[in-house]
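Side-chain atoms are counted along with the backbone in the values below, which use heavy atoms only and exclude waters and symmetry mates. Note that the structure is predicted; figures quoted are calculated from it, not measured. Below, chain A is the first sequence line, B the second, and so on; all start at residue 1.
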There are 2 protein chains.
Amino acid sequence: MNPELAQTVKDSKAPAISRAAAVLRLLGKSDAPLGLGAIARELGLVPSTCLYVLRALVAEELVSFDADTKRYALASGVLTLARGWLRRDHFASMAQAPLDRLARAFDVTMLGVEIFGIDHIIAVAVSQAGGGFQLSTQVGSRFPALISATGRCIAAFGGYPDKQLEAKFDTLRWDDPPTFAEWQRQVARTRETGFGIDEGNYIAGVTVLAAPVRKARGAPSHALVAIGLTSALRRTGLEAVQQALCDEARLLTGQLGGEEV
Amino acid sequence: MNPELAQTVKDSKAPAISRAAAVLRLLGKSDAPLGLGAIARELGLVPSTCLYVLRALVAEELVSFDADTKRYALASGVLTLARGWLRRDHFASMAQAPLDRLARAFDVTMLGVEIFGIDHIIAVAVSQAGGGFQLSTQVGSRFPALISATGRCIAAFGGYPDKQLEAKFDTLRWDDPPTFAEWQRQVARTRETGFGIDEGNYIAGVTVLAAPVRKARGAPSHALVAIGLTSALRRTGLEAVQQALCDEARLLTGQLGGEEV
DNA sequence: TTTGTTCATTCAATATATAGAATATCATTC
DNA sequence: GAATGATATTCTATATATTGAATGAACAAA
């Protein structure tokens, strides 16, 4: 079995669930529906066990099964679950309106992201720019925590020791990587200005702005992110976007009950 | 145990998965995080078993656990799964652009729905009208198949026997219910015009239009839906919306490989 | 048509996940 | 501060989910 999966399965008192989750993740990653054999091989499960897992998932409408091709794929049940999560997530529902507003006003792609420590962030709300380019990201997308503009915010306000930051920093992939020293200067600047900016480091030709949102005093729990073509943003005026972004982030922090610093 | 859950659990060779799915659905429905006891009671599980299920789900990041309050809630992992599904769903990704277009052009809320037989439909893509009212629906929302405008399409093109239709029809809830005979006349009309319309039946004061999309020859697999205030739509001109909706639906059917009738 | 190959599925022995009682933990009330 | 009640958690015997081999089905090549 997959070493990592083997571990979770052994540690758990409900291994079937670990297996089921692994299957769901695999199907989520896969670009095409997969057959039993492929799934079992990939995850290192014995085919018969894998079959029972799949059948249970099909019965729960989390996985669909094409009887003709004998292939399995994610089913829409996962959407229904996601909806339940979104419905109860205050940040996601409260952020949507401001995101739409900003996206429309400045013709940028706006993201509301949730921060999971120093490890990763997840886009939980998205508003696409109407006209022009589509820098498209979908709800549920996952990024390393320290990448791009949001990364500067997390580094600036997360209270992590430099050692840990550097270790994580070294694992990042950028189009045009800054050195750690450069990056630290930018982080310091973010600490002063209150927002992070990434001008073409993460993706060449694209500028990303991020402003932290706090659910409670301390490290930011979320962030608002604006993404646009560097050239277009310069034309619109970066200043105005920065200002609006920070204002909305502060407002949200207030609404979520996090102290407005 | 819950009678229905008991059944699935007994029939399955992987009961832990049925239980896990039930827990996830319960947490998805719930408005607030739930404690172990509440979950176990609601689902008729023994607390210890329920605890193991929850721990496994927490380990998989599908459920979050607040150590202070000892409450469980859905975690963002479900979003990541949903994203995997959306990514590979041709209809959802291809429908987004037309939905945005129509929503903007006619100031209506647009839905792309997937049809699951005669039972239910799920919204898989949404585009909100910018200004004015927000008739808001989220991705993942689930509706009975035969309700509203989409229901007329499914009845018209699904090829279900009248007996079965009537049985399902009797279970529907409308603001202003039509009689079965009235409804059948509307269905017949849909069969001629190629689109379904619901003028205030489902929700008073709201008009819903739906045009079927086919992935393959036969019963529609999806539909495009336009939702707007009856008064506003009348002002805009229903004709134009109908026309545009049907055009886009036909186009999508072509792109998805379903025969253009 | 027959044969070989690949894949999905069933089956029976056994390792183990589950149920239910026992225990621990935490508020709440007296 | 002790007692009560409600809740979460651990523990262990047993019912059963898992395994790996055996069977079956589907397809391609000869």
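Spacing between atom CG of L51(A) and atom P of dT18(D) amounts to 12 Å, rounded to whole angstrom units. Between the CD1 atom of I17(A) and the P atom of dA17(C) there is a distance of 11 Å, rounded to whole Å. The distance between atom CG of L54(A) and atom P of dA17(D), rounded to the nearest whole Å, is 17 Å. Atoms OH (Y72(A)) and P (dA8(C)) sit 8 Å apart, rounded to a whole Å. Atom CG in D66(A) sits roughly 13 Å away from atom P in dA8(C) (whole-Å rounding). As a whole-Å value, the separation of R71(B) CZ from dT7(D) C1' is 9 Å.
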Under 3.5 Å, side-chain donor or acceptor atoms of residues 158-166 of chain A against the rest of the protein: list the pairs with distances, not counting sequence neighbours.
{"residue": "Y160(A)", "atom": "OH", "partner": "I118(A)", "partner atom": "N", "Å": "3.3"}
{"residue": "D162(A)", "atom": "OD2", "partner": "Q184(A)", "partner atom": "NE2", "Å": "3.3"}

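At the heavy-atom level, R55(B) lies under 4.0 Å from the strands shown only through sugar-phosphate atoms. When heavy atoms are screened at a 4.0 angstrom cut-off, V46(B) is found touching base atoms of the nucleic acid.
In terms of heavy atoms, V126(B) sits closest to L99(B) at N-CD1, 4.3 Å. The minimum heavy-atom distance linking P47(A) with A40(A) is given by the pair CA-CB, 4.0 Å. For the pair T190(B) and G196(B), the tightest heavy-atom approach, listed with the atom from each and the gap, is OG1-CA, 3.5 Å. Listed here is the closest heavy atom pair of T253(B) and V213(B): OG1-CA, 3.4 Å.
Dashed line: the shortest gap from a side-chain N or O of R19(A) to OP1 or OP2 of dA17(D) is not under 4.0 Å.
Taking CG of L252(A) as the start and CG of D247(A) as the end, the distance is 11.5 Å to the nearest 0.5 Å.
Using bins of under 30°, 30° to 60° and over 60° for the plane-to-plane angle, the ring pair W174(B)/F169(B) lands in the tilted bin.
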Below 3.5 Å is the cut-off: list the nitrogen or oxygen pairs between protein and nucleotides 11-14 of chain D, distance only.
{"residue": "dC11(D)", "atom": "N4", "partner": "Y52(B)", "partner atom": "OH", "Å": "3.2"}

task: Assign a letter to each nucleotide of nucleotides 23-28 of chain D from its 5' end: B, base within under 4.0 Å of a protein heavy atom; S, sugar-phosphate only; -, no contact.
output: ------
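The stretch residues 33-40 of chain B touches DNA chain D through G35(B), L36(B), G37(B), each having a heavy atom within less than 4.0 Å of the strand.
Tested against H222(A) for a ring pair (Phe, Tyr, Trp, His ring centres under 6.0 Å), the candidates F91(A), F116(A), F157(A) yield a single pass: F91(A).
Applying the salt bridge (Lys or Arg N to Asp or Glu O under 4.0 Å) definition to pairs two or more places apart or across chains, none involves residues 71-82 of chain A.
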task: Please lay out, stage by stage, how Y52(A) and I17(B) fare under the test side chain to side chain contact (heavy atoms under 4.5 Å, CB included).
output: CA-CA 10 Å; Y52(A) 296 135; I17(B) 295 174; over 6 Å; no
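Taking Y72(B) as the reference, F65(B) meet the ring pair (Phe, Tyr, Trp, His ring centres under 6.0 Å) condition, with sequence neighbours excluded.
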